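Written out below as C-alpha cells is the structure these notes cover.
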Amino acid sequence: MTVIRHPRPAPVRHRHWPLCRRCSGIALDLGSARTRAWIAGRGMVLDVPTVTFPGTGAVHPIQRGTIVDTAGTARMLDRLLGHRMPRIGRPLVVLTAPVLDGLAFRTAARAAVEILRPRSVLTVPGARAVALAAGADHVRPLLVVDIGAHLTEVVLLADGAVTDARRTALGTGDLSDGTEPELITEAVTGMVTAMLRQDRTSLTRTALRRGVLLAGGGALRPDITRDLPDSLGCPVQPVPSPHTAAVRGAAGLLAAAHHHPSATGTL
C-alpha cells in the first residue's frame, strides 16, 4: 500500500511586535537633566544628559519641566535617535509629560519629535507612567511623588486619571548648589498637606492610607526620603529603579497600543 504524503503547509506565525517594522515604537522621557529612550525590541537605548550643541558649548533645551528650545530639542533627538530609526516604516512614539503645564510641554515636544518622522505621538502624564511601571492598582486612589533633578511633582490619581497635582521647581540637581535635602522633603509634605486641605472628597485621605508611591532620582536619596514617612504619616514605597520608572511605564503603553489599539485613546 502506497501512502501519498502531501507536504504540510508551513505554519503561519504571527510576527510578534515589534519585529514587524511598521509596528516599531519608541518610549521617550524628556527630563530637564536626563533624556531616556526605550525602543521596542531593544529595551533601554538611551539614558544621557539632556543637552544640545548648537555651537562651542552645551545648551540645555529643557529646563524645569519646560521645553525652552524646541529646535534644540529636535536636534538632540535627531543626534541621539535618528540613526536608530527603521529605514522602512514610521514609529509610534509614547512620550511622558509633566502633569502641570502639560499642554505647553506636549505641544513643544510633539513639534520636536517630528524630526523622528513618527506615524503618531501619544502623550501620557509622567505620574501615570510611573504607576504603570510599578504595576499599581489604578482603581483605588494613588498618590505619586516624583522627585526629579529640577522638578518635583505630587500627583493624585483616581481610576488612572489625574484628579489633583502640585509641583515645585526644586529637585536633586539643586542640592549641589547648597540647597538642603530637608527643603525637598518639606516641599513634598507641604504639597500633600495642601491637597488634603483643598480636597472636598475623601480621595487624598484614602490614597494616603494606602501609602505614597515614590519615583525619580530623588527616591534613591536617603537624605531626602528618610523623613518622608514620618512627615506624611503614611508608608512611602519607592518603585523599582525609580529613576527610569516613567520611561518603562511609557514602554508598557507601547505594547498595549499595539495589542489593544483602542487603548491609545485613553492616554
Side-chain angles (χ1 to χ4, degrees), residues 9-31 33-52 61-62 67 73-98 105-106 109-136 138 146 148 160 215-217 219-220 239-267:
V12 178
R13 296 184 181 274
H14 172 66
R15 299 188 71 190
H16 291 287
W17 182 81
L19 295 182
C20 80
R21 296 186 183 191
R22 68 181 179 84
C23 296
S24 61
I26 309 169
L28 272 178
D29 182 27
L30 298 174
R34 309 286 296 183
T35 289
R36 298 181 173 97
W38 180 293
I39 292 183
R42 303 185 198 175
M44 186 84 73
V45 297
L46 286 180
D47 187 348
V48 298
T50 302
V51 294
T52 186
I62 304 174
I67 296 179
T73 303
R75 287 194 302 270
M76 179 188 71
L77 292 174
D78 188 37
R79 171 174 57 85
L80 296 173
L81 292 170
H83 63 288
R84 302 176 190 267
M85 294 298 95
R87 295 182 180 179
I88 301 175
R90 302 175 70 178
L92 168 66
V93 175
V94 176
L95 177 73
T96 66
F105 184 94
R106 291 194 299 269
R110 285 174 180 270
V113 167
E114 282 300 314
I115 197 74
L116 303 178
R117 297 179 61 252
R119 72 175 186 273
S120 183
V121 179
L122 307 176
T123 58
V124 57
R128 185 183 171 200
V130 166
L132 288 169
H138 293 288
D146 190 346
L220 300 173
V239 304
S241 302
H243 54 305
T244 63
V247 73
R248 288 185 288 110
L253 285 171
L254 273 176
H258 171 67
H259 293 295
H260 305 284
S262 62
T264 59
T266 66
L267 299 183

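Because the structure is a prediction, the values reported are computed rather than measured.
- In this structure, the side-chain hydrogen bond (donor to acceptor under 3.5 Å, both in side chains) partners of Arg34, at least two apart in sequence or on a different chain, are Asp47.
- Not counting sequence neighbours, the partners of Thr244 by the side-chain hydrogen bond (donor to acceptor under 3.5 Å, both in side chains) test are Arg248.
- Atom CE in Met44 sits 11.5 Å away from atom CD1 in Ile39 (nearest 0.5 Å).
- In this structure a side-chain-to-backbone donor-acceptor pair under 3.5 Å is missing from Arg106 to Ala97.
- Remark: side-chain polar atoms of Arg36 are not paired, donor with acceptor, to backbone N or O of Ala246 under 3.5 angstrom.
- Note that the CZ atom of Arg110 and the CG atom of Leu122 stand 7.0 Å from one another [nearest 0.5 Å].
- Closest heavy-atom contact between Gly249 and Ala133: N-CB, 3.7 Å.
- Within the 4.5 Å cutoff, the side chain of Arg84 has no heavy atoms near those of the Ile26 side chain.
- Between atom CG of residue Leu77 and atom OG1 of residue Thr52 there is a gap of 9.5 Å, rounded to the nearest 0.5 Å.
- Residues Val247 and Thr96 form no side-chain contact, since every pair of their non-hydrogen atoms from C-beta on lies 4.5 Å or further apart.
- The two atoms that bring Phe105 and Ile67 nearest to each other are CE1-CG1, 3.7 Å, heavy atoms only.
- A donor-acceptor contact shorter than 3.5 Å is absent between the side chain of Thr35 and the backbone of Thr50.
- Across all their heavy atoms, Arg117 and Arg90 have their closest contact at O-NE, 3.1 Å.
- Here the closest heavy-atom approach between residue Ala245 and residue Val239 is recorded as CB-CG2, 3.6 Å.
- Closest heavy-atom contact between Ala74 and Ile115: O-CG2, 3.6 Å.
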Problem - Trace of the side chain to side chain contact (heavy atoms under 4.5 Å, CB included) decision for Leu28 with Val113 - result: CA-CA 10 Å; Leu28 272 178; Val113 167; 4.0 Å; yes
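- Taking every heavy atom of both residues into account, Arg128 and Gly160 meet most closely at CD-O, 3.6 Å.
- A distance of 9.0 Å separates CZ of Arg42 from OG of Ser24, quoted to the nearest 0.5 Å.
- Between the CG atom of Leu46 and the CG atom of Asp29 there is a distance of 11.5 Å, given to the nearest 0.5 Å.
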Handout entry: side chain to side chain contact (heavy atoms under 4.5 Å, CB included) between Val51 and Met76, intermediate numbers included
Key = CA-CA 7 Å; Val51 294; Met76 179 188 71; 5.8 Å; no
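- From Leu30, atom CG reaches atom CG of Leu95 across 5.5 Å, with rounding to the nearest 0.5 Å.
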